[in-house]
Amino acid sequence: MSWKMIYKDNVWQKEGNLLEVIKKEGLGGIILGAKIDGKLSDLNIVPKDGSIVELLDWSTPEGRDIYRHTSAHILAHAVKELFPEVKLGIGPAIEDGFYYDFYRNEPFTQEDLLRIENKMREIISQNLSIERFELPREEALELLKELKEEFKIELLDEIPEGEKISFYRQGNFIDLCRGPHLPFTGMVRAFKLINVSGAYWRGNEKNPMFQRIYGTSFLTQEELDKYLEEREEAQRRDHRKLGKELGIFDTFEEAGPGLIFYPPKGAMLRLLIEDFERREHLKRGYLPVITPHLMQAELWKRSGHWDNYRENMFFLEVEDKAYAVKPMNCPGHILIYKSTIRSYRDLPLRFFEMGTVYRYERSGVLYGLERARGFTQDDAHIFCTQEQLEEEIKNVLDFVFYMLRSFGLKDYIITLSTKPEKYIGSDEIWEKATLALRNALESVGVEYQIAEGEGAFYGPKIDVGLKGLLGKVWQGPTIQVDFNLPERFDLTYDAPDGTKKRPVMIHRAILGSYERFIGILIEHYGGRFPLWIAPIQVRILPIADRHVEYAYYVLRSLEEKDIRGEIDLDQAKLNYKIRKAISEKIPYIFIVGDKEKEEGKVSVRTHTRDLGMFNLEDVIGKLMKEIRDKKLFDGGFEDD
RNA sequence: GCCGGUGUAGCUCAGCGGUAGAGCAGCCGAUUCGUAAUCGGCAUGUCGCCGGUUCGAAUCCGGCCUCCGGCUCCA
């Protein structure tokens, strides 16, 4: 009756109860669960003869999940003790913690949460043993009826025939659950309930709404505190707060929700990004186009947006004609394509537009710059032959990664979405297009995941999700192959053999939208932008009035080289001006006093430290280089 | 859109039935200053909006709106 136990670099041959063995080895409280022959398991069991038992501790994702899943059970246990009328939903571990869904008419208040936390502490200090038991379906149903857990009965119905039906019990709390769990409630040492929010039962908005209590737990209080501090730090970087503080963007209640305004600094930042991107497009053979924001409804009927996207569009009527504000730029570009006869010699044809679109997003989904009702896409539509598809996609991908690199973004998730159940176009063309996307990804050599069946009905696509704060991912770059619109608009080109052929269309955005991208940048840099896109690059601080004249001389010298500077004329002490410049996250601070004036120098500092005194020309040269190189490090040119 | 929370000066917040306050920012004055907050004075408001209760509402009640936490959605 012996089995093999593996932990870190150790291998043992053991027998008997796993939990006992772990205790004897001095690993009690460290080992949270086990993988027996590759399957997750509780600890309080006797492994089968000859099995291989891998021990899981906090350093493994599975170990953390077990710990937090048990935390969720303790939460549910506490809630049932305090509010016996509550019905249980589900309660899994998630990325940074856990949640449990409860059905209850009364909302949980902040005070309730504190009471629940206290009850949880009680349950933990009782150190109840957590036991698994399995029941035949009939008996499981009886038990759940007895417990009056109607939602759990719904879950039971969906457990496939032949699969074991397991329950977990701690004290008088019983829950239908696959497990595994910690062996004792006392093993959860540090936890915190974070908040309550609504969540539809089983994620369907037609179902009743549950109250979801989110929490997190860690092995030690120190780790928990650290996590909570990180959350607070993340909130300080939140683009919605920081972006407004720094004057990057604003919204106004009287203008309407989800409509973005750019004050001067934000507008400067955006223009700098646009300028850079515009030049890159022209270098890469894109042709600029500009299309109206308003087009007649008829056009949107032909494009299919009327049928498929109407509830997200803004409409208006003028002279008995219905118009729609564009939610997308494609129909406009298509009209330009169709305005003349196109030859195969014209292809690929790449139309680029910084196209501002408006989408009527449901009120609850708006989120600062990341999800707005009006935004500007760096949009292009490439019309090409099937043969050109792969090469074009490859070029777009290169472009995408070049841009992300330029802005210093490295955290992204790439997804290739393939043919869904409902689709148009032949299987051959789908296969070809999907292969083209895949080949392009392979040739660039990036990691990507495949979302089987997640493509649009009109074609497969590549999406790049950019990581924001607190695990949020926002779709930025996208490359979508489209077989539908060329069909609907009867797009053609003249082939070498004189026949009319249908082009393929690629919709693509490099950054996604300027709004969303700027939101990501604010959070990525905490408002401390690389020099080349910083709205104000240098703030000049004259020490006393007699240095103002020289400060202007310095400013003019900067302006001559297109460096964006300004002078702080406040009648304040140097310390105060420095503090102000740092809090405004201005990359370089030039201090000018008697010494500097006399010698034609400036003293330079960043938000962290004094870099010393330099000849004005030398500093300007260094800054110009930093701007030209789009340098990302913001610790100052001293660190070259 | 749904569930819950929230809204007072430009910002951060106090006041919670008797008619609006602090700090910072702003303005005025003094100070002319060397690497993260100089001192003094002044002014600041449809207390989110609409309606109701009350002798009296920022405060209590109802509706609407914004924003926040989620869910759903995201061609």
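So that the names make sense, note that chain A is the first sequence line, chain B the second, and so on, each numbered from 1.
Residues that satisfy the salt bridge (Lys or Arg N to Asp or Glu O under 4.0 Å) test with A:Asp490, not counting sequence neighbours, are A:Arg502.
Contact annotation for A:Asn195: backbone-only contact, meaning every heavy-atom pair under 4.0 Å involves sugar-phosphate atoms and none involves a base. Counting non-hydrogen atoms under 4.0 angstrom, A:Lys577 reaches nothing in the nucleic acid. Here A:Asn204 lies out of heavy-atom contact (under 4.0 Å) with every strand. Residue contacts shown for A:Arg371 include a base, since a base heavy atom lies under 4.0 Å away. Looking at heavy-atom distances under 4.0 Å, A:Ala544 makes contact with a base.
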Contact pattern, 5' to 3', of nucleotides 11-16 of chain B - B, S or - by protein heavy atom under 4.0 Å: ------
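With P as the reference atom, B:U54 and B:U12 are 37 Å apart, rounded to whole Å.
A close approach under 4.0 Å does not occur between any side-chain nitrogen or oxygen of A:Arg362 and OP1 or OP2 of B:C74. For the OP1/OP2 pair of B:A37 and a distance below 4.0 Å, the side-chain nitrogens and oxygens of A:Asn575 include at least one atom meeting the criterion. Residue A:Tyr214 places at least one side-chain N or O under 4.0 Å from the OP1 or OP2 atom of B:C71.
For the segment residues 250-257 of chain A, residues with any heavy atom less than 4.0 angstrom from an atom of RNA chain B are, sorted by number, A:Glu253, A:Pro257. Near RNA chain B, defined here as any heavy-atom distance below 4.0 Å, the residues from residues 205-212 of chain A are A:Glu205, A:Met209, A:Arg212, listed numerically.
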Tabulated below should be each protein N or O lying under 3.5 Å from an N or O of nucleotides 22-26 of chain B; please produce it.
from  : atom 1 : to       : atom 2 : distance (Å)
B:A25 : OP1    : A:Tyr576 : OH     : 2.6

Secondary structure string for RNA chain B (Watson-Crick or G-U under 3.5 angstrom, | for other-strand pairs): (((((.(..((((....[..)))).(((((.......))))).....(((((..]....)))))).)))))....
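Checked against the 6.0 Å centroid threshold, A:Phe457 and A:Tyr423 do not count as a close aromatic pair.
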